[in-house]
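Report on the structure given below.
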Number of protein chains: 2
Amino acid sequence: MNGRFQIAVHILTLLSKANCELLSSDYIAGSININPALARKEISNLRNYGLITSKEGKSGGYGLNKSSGQITLADIYQAVRNQPFLGLAKNSPNPDCPVGKQINKNIDSLYADLDKTLFTKLKTITLADFSEKFD
Amino acid sequence: MNGRFQIAVHILTLLSKANCELLSSDYIAGSININPALARKEISNLRNYGLITSKEGKSGGYGLNKSSGQITLADIYQAVRNQPFLGLAKNSPNPDCPVGKQINKNIDSLYADLDKTLFTKLKTITLADFSEKFD
DNA sequence: TCATCTGTAATAAAAAATATTACAGTAAAG
DNA sequence: CTTTACTGTAATATTTTTTATTACAGATGA
């Protein structure tokens, strides 16, 4: 799993515990210990997926766009991955070999299967569930 | 998922279809289209996990150490990963932030949970099952 | 004793992830 | 209106990880 997933979960957990106060990218980046520009970039992506709202200008910042009970970890993962969960087969095997010729197709289909399994699991956990684990 | 998993599955599929003939690292690397030294390195690891046997010297090569029905994809993955399936939390968040302080613990526990889900799924698929998909 | 393999380490190159810098644009507050 | 404190985003640099390459010692059979 991608490091971006962890960052995204961290961001959304902060927002979920912020009680509707807007948080700045500086504050968020400080909690994660990453660069504010990187935080803004990930936030921008999460906003494209409808999970976050933002407000520009002085006293601007970020908040959740839905209640934490309505956001599942599957939503977060879907926003973060640009490829299927486990990546695609990416070798260029020998087409003259009977196994090489078919391996990518079969690996892709295996990955899709595993992907579905994980996704099903992630759908059962809401951001609210996850946030509750923090004091 | 790791590129090494795909390589490992490819190697074991080749061996499983080789009908007990020993295959050389050159042949295997040629099918995957990778460097023979890299293939030998992965094979060496798979041998440490009891999945492959090797024979040195002229007319040497590699073969399966168990029947393909006795090897599951979970065995292969376990051999290939050095860390849990989805990696460990690896940020160094701010310990002065209530969320930052606890995020790694909670992410690790989430990953362990997801890991178990995937592992359970992978255990249901044998190398024989996978190999059957090739003509 | 030569040819053909494996085993492994050291190194190099390529690719991917992450961090940094910079600055234009927006909104509130004086 | 002008200053201040933010977001939005692109360009670039750095670091880390992955993958490839080279090299050669050791094993085994012909």
Side-chain angles (χ1 to χ4, degrees), chain A residues 1-8 10-11 14-15 18 21-49 51-65 80-83 86-94, chain B residues 1-8 10-11 14-15 18 21-49 51-65 80-83 86-94:
Chain A
M1 173 111 59
N2 205 319
R4 283 177 61 202
F5 181 73
Q6 182 178 356
I7 288 175
H10 194 144
I11 292 168
L14 287 170
L15 297 180
E21 253 186 72
L22 296 186
L23 302 181
S24 74
S25 62
D26 253 47
Y27 174 82
I28 291 170
S31 169
I32 306 176
N33 194 25
I34 60 173
N35 195 283
L38 188 58
R40 290 203 287 271
K41 195 172 166 193
E42 191 56 56
I43 288 165
S44 166
N45 178 55
L46 293 167
R47 190 188 45 210
N48 291 337
Y49 281 86
L51 304 179
I52 287 181
T53 52
S54 67
K55 189 185 162 202
E56 289 186 51
K58 193 166 180 175
S59 83
Y62 305 99
L64 286 188
N65 193 37
V80 156
R81 64 171 176 183
N82 24 31
Q83 299 182 328
L86 297 141
L88 280 173
K90 61 175 181 172
N91 293 125
S92 309
N94 189 342
Chain B
M1 172 111 58
N2 205 318
R4 284 178 59 202
F5 181 73
Q6 182 177 355
I7 288 175
H10 194 144
I11 292 169
L14 287 170
L15 297 180
E21 253 186 71
L22 296 187
L23 303 182
S24 74
S25 62
D26 253 46
Y27 175 82
I28 291 170
S31 169
I32 306 176
N33 194 25
I34 60 173
N35 195 284
L38 187 59
R40 291 203 288 270
K41 194 172 168 193
E42 192 55 56
I43 288 166
S44 167
N45 178 55
L46 294 167
R47 191 188 43 209
N48 290 338
Y49 281 87
L51 303 179
I52 287 182
T53 51
S54 67
K55 189 183 161 202
E56 289 186 51
K58 192 165 181 176
S59 84
Y62 305 98
L64 287 188
N65 192 39
V80 155
R81 66 173 175 182
N82 24 30
Q83 299 179 330
L86 296 140
L88 279 173
K90 60 176 183 173
N91 293 125
S92 309
N94 189 342

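Since the structure is predicted, the reported quantities are computational estimates derived from the model, not experimental observations. Within every chain, numbering begins at 1; the chains are lettered A, B, ... in the order of the sequence lines, protein sequences first and strands thereafter.
- For the pair E56(B) CD and dA3(C) C1', the interatomic distance rounds to 16 Å; values are reported in whole Å.
- The distance between atom NZ of K41(B) and atom P of dT19(D), rounded to the nearest whole Å, is 10 Å.
- Expressed to the nearest 0.5 Å, how far CD1 of I34(B) lies from NZ of K41(B) amounts to 11.0 Å.
- The shortest distance between the side-chain N/O atoms of S59(A) and the OP1/OP2 oxygens of dA27(C) is not below 4.0 Å.
- dT17(D) atom P lies 18 Å from atom CG of L38(B), rounded to whole Å.
- Here the straight-line distance linking atom CG of N45(B) with atom CZ of R4(B) works out to 5.0 Å at 0.5 Å rounding.
- Interatomic distance, CD of E42(A) versus CD1 of I28(A), reported as 11.5 Å (0.5 Å rounding).
- Distance check, rounded to the nearest 0.5 Å: OG of S31(A) to CG of D26(A) gives 12.5 Å.
- Residue L46(B) contributes atom CG, which lies 15 Å from atom C1' of dG7(C) at whole-angstrom precision.
- Regarding N33(B), its CG atom lies at a distance of 16 Å from the C1' atom of dT18(D), rounded to whole Å.
- Each of I52(B), L64(B), N65(B) was evaluated against L46(B); a single residue qualifies, I52(B), per the side chain to side chain contact (heavy atoms under 4.5 Å, CB included) test.
- For the atom pair CG of L22(B) and OH of Y62(B), the computed distance is 10.5 Å after rounding to the nearest 0.5 Å.
- An OP1 or OP2 oxygen of dT4(C) is reached within less than 4.0 angstrom by no side-chain nitrogen or oxygen of S24(B).
- Remark: S54(B) is in phosphate contact with dG7(C), judged by side-chain N or O atoms under 4.0 Å from OP1 or OP2.
- Atom CD1 of I43(B) is separated from atom C1' of dT8(C) by 13 Å (rounded to the nearest Å).
- For the OP1/OP2 pair of dT21(C) and a distance below 4.0 Å, the side-chain nitrogens and oxygens of R40(A) include no atom meeting the criterion.
- Between the CG atom of L15(B) and the CD1 atom of I43(B) there is a distance of 7.0 Å, given to the nearest 0.5 Å.
- Across its full length, the helix from dT1(C)-dA30(D) to dG30(C)-dC1(D) shows an angle of 0° between the axes of its 5 terminal pairs at either end, rounded to 10 degrees.
- Residue whose closest nucleotide on DNA chain D sits further toward the 5' end, between K55(A) and G57(B): K55(A).
- Atom pair E42(A):CD and dA17(C):C1' shows a separation of 12 Å (rounding to whole Å applied).
- Residue Y62(A) places at least one side-chain N or O under 4.0 Å from the OP1 or OP2 atom of dG8(D).
- We find that CG of N35(A) is positioned 14 Å from P of dT15(D), with the value rounded to whole Å.
- Distances shorter than 4.0 Å separate none of the side-chain N or O atoms of R4(A) from OP1 or OP2 on dT18(C).
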